[in-house]
Amino acid sequence: MGIVEKIKEIEEEMARTQKNKATEYHLGLLKAKLARYRAQLLEPTTKSGGAGTGFDVQKSGDARVALIGFPSVGKSTLLSKITHTASESAAYEFTTLTAIPGVIEYKGARIQLLDLPGIVEGASQGRGRGRQVVSTAKTADLILIMLDATKSEEQKKLLEIELDAVGIRLNKSKPDVVFKKKTTGGITLNTTVKLTKTDEKTIRTILAGYKLHNCDIMIREDITTDEFIDVLIGNRKYLPCLYVYNKIDAISLEQVDKLARQPNTVVVSCELDLNLDYLVDRIWEELRLVKVYTKKRGAHPDLADPICLRKGATIEVFGRKLPLWSGLGKLRILYACGMGAHNTVQGKSSKFSPYAQKVSLNHQVQDEDVVSIFTK
Ligand SMILES: Nc1nc2c(ncn2[C@@H]2O[C@H](COP(=O)(O)OP(=O)(O)OP(=O)(O)O)[C@@H](O)[C@H]2O)c(=O)[nH]1
Ligand SMILES: [K+]
Ligand SMILES: [Mg+2]
């Protein structure tokens with residue numbers, strides 16, 4: 001009998017078994033067995049299978065948010081509540097076996113929310129399909145670490161360790177260090193601040209360890225040794241993260257209050273719909289999206305249908321989101337623009353706001369700008 005059949009058999013037996021004191025233990029055993037089989041189902045089938053690559057889900061919308069957590073913390077319940085997609089949720093572990101995308105529609109933005117299988121300790125080392133889950137996290141613009149409010153604080157640390165192991169740095173900015181490899185000339189090391197958490201000798205030792213004998217380094221921040229290594233290795237991902245404590249319906253008010261006071265934290269109950277609106281608000285904020293309105297010549301800005309971009313996006317990035325961009329491309333466009341409230345590019349990023357201003361393709365847009373594009 002294959003695993004799928006075994007799972008089916010247990011599920012049927014569970015459905016047949018009445019829930020009461022006498023069957024509680026037996027049901028518990030069945031649940032554990034079910035979780036074990038489902039965990040097996042998650043294991044990569046080939047040796048290389050899944051390792052290092054994420055799930056094959058097309059990115060869509062204006063940003064991607066990934067749900068990371070241990071099994072049964074309520075990830076799928078959340079997806080089903082705040083998007084139009086239903087993801088199966090159940091009381092046994094490893095209910096979700098693959099990445100399930102849903103869309104949060106909010107303030108004119110379409111945010112892709114990815115429900116993922118639960119991970120276990122050691123996920124980054126390739127246990128279960130965990131490695132695939134943490135790799136998918138790397139493709140997100142924001143990570144939601146979902147935690148069970150009724151369980152120990154330990155869970156948070158363990159998840160952070162797993163993400164850290166694949167090079168994800170949460171709620172940290174890239175160390176302010178300029179590092180340039182050269183072919184000759186030895187090592188030039190400069191610092192603009194006093195180093196209190198590492199020192200020059202350590203840094204030189206590490207460089208030698210990586211066989212880097214020729215490079216220019218300028219350290220502009222009081223970094224740690226680990227942060228210096230991150231700079232050398234290079235492919236680190238610095239991502240914002242919200243810690244979402246679910247199931248607050250099952251703990252005391254005092255406990256809820258204590259959790260809610262932690263930084264980057266939102267407390268919710270998916271089951272009772274508690275605080276979910278606030279969570280979506282916070283997701284929007286953390287993504288740092290800006291809304292930009294389009295405006296046709298001689299018409300009012302189209303306020304009903306803004307284009308959402310990441311903060312720092314340029315006019316060019318904006319243009320690529322316009323349906324008519326490819327056509328414009330052929331005409332060898334543009335200068336784009338205007339800024340200000342009633343003219344071409346109107347809004348906050350114009351120096352001459354509220355008047356329209358001509359800007360270049362690499363001009364950065366800001367929230368609530370109104371942009372018109374002209375072709376030559
Ligand atoms: N008390 C309580 N239970 C909840 C809440 N949200 C979800 N649950 C329950 O928690 C269990 C697991 O929910 P799921 O949504 O399947 O959890 P998951 O994290 O997707 O689990 P896996 O896919 O197995 O990793 C289900 O029995 C839910 O009914 C909540 O806010 N409060
Ligand atoms: K579950
Ligand atoms: Mg799930």
Side-chain angles (χ1 to χ4, degrees), residues 63 65-66 68 121 123-125 134-135 137-145 147 153-245 258-266 282-290 310-314 362 364 366-367:
V65 179
I68 302 290
E121 199 181 344
S124 57
Q125 262 63 53
V134 284
S135 300
K138 270 189 155 174
T139 68
D141 302 301
L142 168 69
I143 295 196
L144 295 189
I145 289 196
L147 303 153
E153 264 300 281
E154 181 84 342
Q155 18 161 15
K156 185 170 168 183
K157 218 356 150 359
L158 290 172
L159 289 168
E160 284 170 342
I161 290 171
E162 296 306 328
L163 293 176
D164 195 78
V166 293
I168 296 176
R169 303 289 174 262
L170 300 173
N171 296 327
K172 286 200 182 116
S173 51
K174 203 170 174 184
D176 193 359
V177 176
V178 182
F179 170 70
K180 259 192 235 127
K181 270 192 217 178
K182 297 184 301 189
T183 47
T184 56
I187 293 169
T188 317
L189 179 57
N190 285 302
T191 58
T192 60
V193 291
K194 195 171 151 48
L195 298 180
T196 64
K197 303 169 200 158
T198 186
D199 54 58
E200 205 175 315
K201 195 171 158 217
T202 310
I203 286 172
R204 287 188 185 273
T205 310
I206 293 166
L207 287 171
Y210 280 90
K211 296 201 162 43
L212 290 162
H213 304 298
N214 300 293
C215 54
D216 289 340
I217 297 165
M218 167 73 88
I219 300 177
R220 300 191 288 208
E221 190 188 336
D222 188 13
I223 54 166
T224 64
T225 306
D226 283 347
E227 284 166 348
F228 181 68
I229 293 171
D230 278 347
V231 171
L232 288 189
I233 294 178
N235 64 345
R236 300 311 192 206
K237 200 88 207 221
Y238 297 84
L239 293 175
C241 166
L242 275 180
Y243 298 92
V244 181
Y245 283 92
K258 203 173 148 209
L259 290 176
R261 285 170 194 278
Q262 296 180 15
N264 306 310
T265 298
V266 180
R282 288 290 300 268
I283 289 174
W284 161 270
E285 263 173 42
E286 291 296 328
L287 284 171
R288 292 150 52 90
L289 293 172
V290 294
R310 306 298 307 281
K311 198 167 184 176
T314 59
N362 57 18
Q364 289 187 0
Q366 284 188 30
D367 198 23

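These numbers were taken from a predicted model, which means no experiment stands behind them.
- Looking at residues two or more places apart in sequence or on another chain, you find a side chain to side chain donor-acceptor pair (under 3.5 Å) between Thr196 and Asp222.
- Expressed to the nearest 0.5 Å, how far CG of Leu142 lies from CD1 of Ile283 amounts to 6.5 Å.
- In this structure, the separation between OG1 on Thr224 and CG on Asp230 is 7.5 Å, given to the nearest 0.5 Å.
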For this session: Take Phe179 and Cys215, measure what side chain to side chain contact (heavy atoms under 4.5 Å, CB included) needs, and give me the verdict at the end.
Result: CA-CA 7 Å; Phe179 170 70; Cys215 54; 3.9 Å; yes
Problem set entry | Steps toward side chain to side chain contact (heavy atoms under 4.5 Å, CB included) verdict (Thr188, Lys182) | CA-CA 10 Å; Thr188 317; Lys182 297 184 301 189; 3.8 Å; yes
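- The minimum heavy-atom distance between Pro175 and Tyr238, with the atom names listed, is CD-OH, 3.2 Å.
- Summarising the geometry, atom CG belonging to Asp176 is positioned 10.0 Å from atom CE belonging to Met218; distances are rounded to the nearest 0.5 Å.
- One finds the CG atom of Leu189 at 5.0 Å from the CD1 atom of Ile219 (value rounded to the nearest 0.5 Å).
- When atom types are taken as modelled, the side chain of Asn214 and the backbone of Gly186 share a donor-acceptor pair closer than 3.5 angstrom.
- In summary, of the residues considered (Val266, Ile145, Leu259), a side-chain contact (heavy atoms from CB on, under 4.5 Å) with Tyr243 occurs for Ile145 alone.
- More than 12 non-hydrogen atoms from other residues, nucleotides or ligands lie less than 6.0 angstrom from NZ of Lys197.
- When all heavy atoms of Lys138 and Asn235 are compared, the closest pair comes out as NZ-O, 4.2 Å.
- Rounding to the nearest 0.5 Å gives a distance of 12.0 Å between CG of Leu159 and CG of Asp164.
- For Lys311, the NZ atom sits in a loose shell: 12 or fewer heavy atoms of surrounding residues, nucleotides or ligands are nearer than 6.0 Å.
- Residues Gln262 and Glu153 share a closest heavy-atom pair of NE2-OE1, 3.9 Å.
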For this session: Report the C-alpha separation of Leu195 and Glu200 in whole Å, then their side-chain angles, then the decisive distance to 0.1 Å, and conclude whether the side chain to side chain contact (heavy atoms under 4.5 Å, CB included) test is met.
Result: CA-CA 8 Å; Leu195 298 180; Glu200 205 175 315; 5.9 Å; no
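- To the nearest 0.5 Å, atoms NE2 (His213) and CD1 (Ile187) are separated by 7.5 Å.
- Applying the 6.0 Å contact sphere to CZ of Arg282 captures more than 12 heavy atoms from other residues, nucleotides or ligands.
- In this structure, Arg310 contributes its side chain and Leu287 its backbone to a donor-acceptor pair below 3.5 Å.
- A donor-acceptor pair under 3.5 Å links the side-chain atoms of Glu162 to the main chain of Ala123, judged by distance alone.
- Taking the side chain as every heavy atom from C-beta outward, Phe228 and Ile217 approach each other to under 4.5 Å.
- Not one N or O on the side chain of Thr139 forms a donor-acceptor pair closer than 3.5 Å with the backbone of Ala137.
- Between Asn171 and Pro240, the closest side-chain pair of non-hydrogen atoms falls below 4.5 Å.
- Under the 3.5 Å distance criterion, with hydrogens and angles disregarded, no donor-acceptor pair is assigned to the side chains of Asn362 and Thr314.
- Closest non-hydrogen pair, Asp141 versus Ala63, comes out as OD2-CA, 3.3 Å.
- At least one side-chain heavy atom of Leu207 sits under 4.5 Å from a side-chain heavy atom of Leu232.
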